[in-house]
Amino acid sequence: MPRAIALVDCNNFYVSCERLFQPKLEGKPVVVLSNNDGCVVSRSQEVKDLGIKMAVPWYQLKDIAKRHGIIPRSSNYSLYADLSNRVMSLLSGYAPQQEVYSIDECFLELTGIHTVHAELAQTMRQQIKRHVGIPVCVGIGATKTLAKLANHVAKKDPRRDGVCDLNTYNPSELDALLAYFPVGEVWGVGRRSTARLQALGIDTVLDLKRASPKRIRDEFSVVLERTIAELNGIACLELDELMPAKQQIICSRSFGNLVGNLPDLEQAVIAYTTRAAEKLRNQHSIAGGIQVYIRTNPHKERDPQHQEAMLLPLHEATDDTRLLCHAALQGLRRIYRSGYAYQKAGVILTAITPRATRPRTLFDDVESQQRSHALMTTMDAINRRMGSGSLKLLGEGTQKSWAMRRENVSPRYTTEWQELAVATA
DNA sequence: TCTGGGGTCCTAGGACCC
DNA sequence: TCTGGGGTCCTAGGACCC
């Protein structure tokens, strides 16, 4: 029995979440926008049919949106995360192994499950539709890369009813299918590689499957070499079940309005560092360094441009918001230049290690470490109970001139008491 | 006027060591 | 004129993903 891996992927996930609580959006062209209502990050089928591409800036669509009545929604990540958890939890019951790959998709290990896989996949789809309300498609193949491709087929071809199992194809049927898809559809082949592959005459997925692994490795990378093996049914990528601790934690955001003065940048950097430190403590880690960066808007080519980053090593790894903020602010003050209109700032926690294995040194101030830990634990507990941001450092400020714009936001139906959806059946 | 955010992996090159 | 070689660790940057 061959290896069988399924990829389950939610259809137009964010749009589907919005529709769940606003049925009047059903059948209408809907987009979900990124922070600051900047770019399109999720499109309903109606919008895809209009030829609108992913990640297009919203302001460029104002005309076409008006003509076709496209409805914009600001992104609402707490709602999406909650619905994602429900979908993943249901799917975990279908296989001995599950890898949650992103907010809207997961891999399932179906090898050794002695039912017709396509039927099992239909059962999954129906159960998720009934119990959560989100439509999904399922692709099945001998490797992750083939499962991804199968999912793509399931989504594109309406006759397949949302499921495609490539393991049921014989070799020549499979190759015929692969010859139909352009090489850029393959997982791991991005824009750059697509152009370079085409220059070598590798246009379709089948061309890549038959390409010389050695040549591809020499001219591209080991990553693409592995992709060729995966297309040939040789699994190189295993399922990662437990989410490993993050090796870096990023918190960055574009501002709602451009920011020129240092105090506002400091507020933003404190807010981002606070968020990053919470994530760090959530995974029980400490960070050995923090990088801070700021940049002007690169799209405004005529404006004076400045972008700079600085990595601050900490002489002692920590998860203390105060110490991390202190370092981040030091860095910010050194890279900041007056006279520029900054559009974005961010912090990256690096050199992350588990808190439990923190090395002890002669100079450790154990008592102050314990005090710090107690304070942070209390702060996290209060924020969990009273709502994120209830307790924070003074420097973060309360008048956020830099905060993002969200003009079309829907309520957080499932995670905030005040915004709870009331059943009106 | 208005162009996202958060990650991973790989590679090349520099610093440093013996 | 001649200017080792091999190893490790770290960082920056590229490419990709959703």
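By convention in this document, chain letters (A, B, ...) are assigned in the order of the sequence lines, proteins followed by strands, and residues within each chain are numbered from 1.
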Q: Check whether any side-chain nitrogen or oxygen of A/Lys279 sits under 4.0 Å from OP1 or OP2 of B/dG7, and answer yes or no.
A: yes
(Q) From C-beta outward on A/Ser34, which listed nucleotide comes closest to its side chain: B/dG4, C/dC17, B/dT3? (A) B/dG4
Q) Considering only side-chain heavy atoms of A/Lys300, which listed nucleotide, C/dT11, B/dG6, B/dT1, is closest? A) B/dT1
Q.
If you only use heavy atoms from C-beta on, which nucleotide in C/dC18, C/dT11, C/dC16 is closest to the side chain of A/Arg192?
A. C/dC16
Q: Quick one: label A/Trp58 by what it contacts on the DNA or RNA (base, sugar-phosphate, nothing), any heavy atom closer than 4.0 Å.
A: nothing
Q: Would you mind telling me which of B/dG5, B/dG7, C/dC18 lies closest to the side-chain atoms of A/Ser254?
A: B/dG5
Q) Does A/Lys344 make a cation-pi contact with A/Phe255 (under 6.0 Å, within 45 degrees of the axis)? A) no
Q: By nearest nucleotide on DNA chain B, pick out whichever of A/Val223 and A/Lys344 is the more 5' one.
A: A/Lys344
**Q.** Options B/dG4, B/dC10, B/dC2, nucleotide nearest the side-chain atoms of A/Gln343
**A.** B/dG4
Q: From the options C/dC18, B/dT3, B/dC10, select the nucleotide whose nearest atom is closest to the side chain of A/His299.
A: B/dT3
Q | Candidates B/dT3, C/dC18, B/dG6 - which lies nearest the side chain of A/Arg253 | A | B/dG6
Q: Would you mind classifying the nucleic acid contact of A/Asp104 as base, sugar-phosphate or nothing, using non-hydrogen atoms under 4.0 angstrom?
A: sugar-phosphate
Q.
Is A/Ser193 close enough to C/dC16 that one of its side-chain N or O atoms is under 4.0 Å from OP1 or OP2 there?
A. yes
Q. Is A/Ser252 near enough to B/dG6 that one of its side-chain N or O atoms lies under 4.0 angstrom from OP1 or OP2?
A. yes
Q) Does A/Asn297 place a side-chain N or O at less than 4.0 Å from the phosphate oxygens OP1/OP2 of B/dT3? A) yes
(Q) Please confirm whether the ring centroid of A/Trp187 lies under 6.0 Å from the ring centroid of A/Phe181. (A) no
Q. Where the side chain of A/Val222 is defined as all heavy atoms beyond and including C-beta, which of C/dC17, B/dT11, B/dC2 is the nearest nucleotide?
A. B/dT11
**Q.** Minimum-distance nucleotide (side-chain atoms of A/Ile249 versus B/dC2, C/dC18, B/dG7)
**A.** B/dG7
Q. What nucleotide, of B/dG6, B/dC2, C/dC18, holds the atom closest to the side chain of A/Cys251?
A. B/dG6
Q: Starting at atom NZ of A/Lys246, determine the distance to atom P of B/dG6, rounded to an integer number of angstrom.
A: 12 Å
